[in-house]
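Just below is one structure, and these are the notes that go with it.
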Amino acid sequence: MKSYKVLFVGSPGSGKTTAIRTISDVEVVDTDTKVSDSTIKRKRTTTVGMDYGKLSLGEDKVLHLYGTPGQERFKFMWDLMVSDLANDASALILLVDNTRNYPFRDIDYYLSEFWDFIVKRHFIIAVTRSDLAAEPTEADYQNRLKEKGIFAPIIFIDARKSMDVMDLVVSALNQEDDIDWAEISHRVAVTELKNRNPDPNSPQFEWLRKTRDVPKISIIEAAMQVRGISGATHLDNNQKLLDTSSNTLECNELFSSLAKLAAAIENKAPQLEQVRNISLHAPQKDSISVFLEPDQALGLLTLPALTHKQIRQQAEDLLQWSDNVENTQEA
């Protein structure tokens, strides 16, 4: 039996689990759990371990499909997969959610984290949710990669459609000329057709129920459902209050003052990179942090148990899904 492997990586909610489930011949093994972090802005469950599926490529060939958890706090699973489970993968597919406010930042981040793995394998970028956000365009992504000196296929897909995901698989294994892709695509399409109306008692039905569209909530509502966050304030690019969970004037003024301090530092030291966040920490005390983008800022009051790295990750994801942006192509 000849085996192939493909590794799917990408931000939370980019479609990794869905893509694998769409073409897998077997019930996908996942480790989804109820969301208790910033992902709640987009979905109600998230992968905390890994996803695994399998696709038969013929009598003596099989493709193993691995998906990583999206958030940095599960980086130990990334290390395990690239060093062991998917060490001999043929390709890495990076899924990029086009509705994220700063999708290029996701590309930069995952390229940095998986670079040693990518350079030895076929690399593909799959852009999802372009039906909900038309920009950035394919040309925008190509220009971004060109700036970094990287050449890779960029394929816009709907992770729910089997033929779209099959395009990724064919691209990943394009060097294999003894695979009957027409037969495999037909079989996958037939399976997809059957799964459109699954038995109410089947795992497929339960998965569809869990992944249905979730009610829209504000960035402040989402922040207040994240474990460890006790207060949140959303500011515009002029440090004016947009929304807050706090009625305490002093707290909101402090967040605004920190945002203004960041702007003052940039004006005094233009040679520095953009100040992305300022945090105040004290032993056994709540932390106060403000995270800044060109068009908005988010202030968070967090419990001592959260590290700065954990706070930053939650804030960046919340800002990625904020509705208050002016330029979705901001790097």
Side-chain angles (χ1 to χ4, degrees), residues 11 37-42 71-73 99-109 112 135-136 216-331:
S11 63
D37 57 27
S38 55
T39 313
I40 200 167
K41 188 83 169 66
R42 179 56 55 85
Q71 290 195 319
E72 186 182 20
R73 64 195 176 107
T99 65
R100 298 261 281 184
N101 292 329
Y102 318 104
F104 293 154
R105 196 172 293 164
D106 288 336
I107 292 178
D108 293 347
Y109 176 72
S112 174
E135 294 182 338
K216 190 173 183 179
I217 60 176
S218 71
I219 188 173
I220 296 301
E221 290 172 317
M224 293 310 297
Q225 295 186 56
V226 176
R227 184 183 298 126
I229 294 179
S230 56
T233 295
H234 194 196
L235 306 169
D236 67 12
N237 59 348
N238 294 312
Q239 294 83 46
K240 300 299 183 182
L241 184 67
L242 292 172
D243 193 10
T244 183
S245 68
S246 173
N247 293 322
T248 305
L249 181 61
E250 290 81 0
C251 185
N252 291 327
E253 287 181 339
L254 178 56
F255 285 133
S256 180
S257 296
L258 289 175
K260 290 176 181 177
L261 175 61
I265 292 173
E266 290 183 359
N267 289 334
K268 292 291 186 180
Q271 71 276 17
L272 297 178
E273 295 184 1
Q274 177 193 352
V275 178
R276 294 282 304 279
N277 69 271
I278 294 179
S279 297
L280 303 178
H281 300 270
Q284 306 304 315
K285 299 290 185 179
D286 289 354
S287 296
I288 297 174
S289 308
V290 63
F291 297 83
L292 303 110
E293 300 293 352
D295 40 22
Q296 60 181 328
L298 178 65
L300 295 178
L301 186 64
T302 53
L303 301 180
L306 283 187
T307 66
H308 177 71
K309 184 177 181 180
Q310 291 170 326
I311 300 168
R312 174 183 55 77
Q313 181 184 8
Q314 299 302 321
E316 289 185 353
D317 272 341
L318 287 164
L319 289 166
Q320 278 276 25
W321 287 314
S322 165
D323 296 324
N324 188 71
V325 290
E326 297 173 357
N327 181 6
T328 58
Q329 295 182 42
E330 180 71 31

Just so I know, are the side chains of [X] and [Y] near enough to count as touching, which here means a heavy-atom distance under 4.5 Å?
| X | Y | answer |
| --- | --- | --- |
| L235 | L242 | no |
| I311 | F291 | yes |
| Q225 | I217 | yes |
| L303 | S230 | yes |
| P294 | Q274 | yes |

Please answer whether the main-chain N or O of [Y] pairs with a side-chain N or O of [X] as donor and acceptor at a distance below 3.5 Å.
| X | Y | answer |
| --- | --- | --- |
| S112 | D108 | no |
| E221 | S218 | yes |
| D106 | Y102 | no |
| T248 | E250 | no |
| E316 | Q313 | no |
| T302 | G228 | no |
| Q296 | N237 | no |

(message) Please evaluate residues L306 and Q314 with respect to the criterion side chain to side chain contact (heavy atoms under 4.5 Å, CB included), reporting the C-alpha separation (whole Å), side-chain torsions for both, the decisive distance (0.1 Å), and the verdict.
(response) CA-CA 10 Å; L306 283 187; Q314 299 302 321; 5.7 Å; no
Heavy-atom pair of closest approach, residues [X] and [Y]:
| X | Y | result |
| --- | --- | --- |
| S256 | Q239 | OG-O, 3.1 Å |
| G231 | S245 | CA-OG, 3.5 Å |
| T233 | N252 | OG1-OD1, 2.7 Å |

Working to the nearest 0.5 Å, report the span between [atom1] of [X] and [atom2] of [Y].
| X | Y | atom1 | atom2 | result |
| --- | --- | --- | --- | --- |
| L319 | L292 | CG | CG | 9.0 Å |
| D236 | E293 | CG | CD | 14.0 Å |
| T244 | F255 | OG1 | CZ | 7.5 Å |
| I107 | R100 | CD1 | CZ | 11.5 Å |
| S322 | D243 | OG | CG | 10.5 Å |
| R312 | R276 | CZ | CZ | 9.0 Å |

(request) Hey, could you give me each pair passing ring-ring contact (aromatic ring centres under 6.0 Å, His included) that has a residue in residues 223-245? Not counting sequence neighbours. (result)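 Sorted pair list comes back empty.
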Could you list the donor-acceptor pairs under 3.5 angstrom formed by side chains in residues 277-289, with sequence neighbours left out?
unit_1, atom_1, unit_2, atom_2, d
N277, ND2, H308, NE2, 3.4
S279, OG, S289, OG, 2.9
S279, OG, H308, ND1, 3.4
H281, ND1, S287, OG, 2.8

(message) Quick check on N247: does its CG atom have over 12 non-hydrogen neighbours (other residues, nucleotides or ligands) under 6.0 Å away?
(response)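 12 or below, so no.
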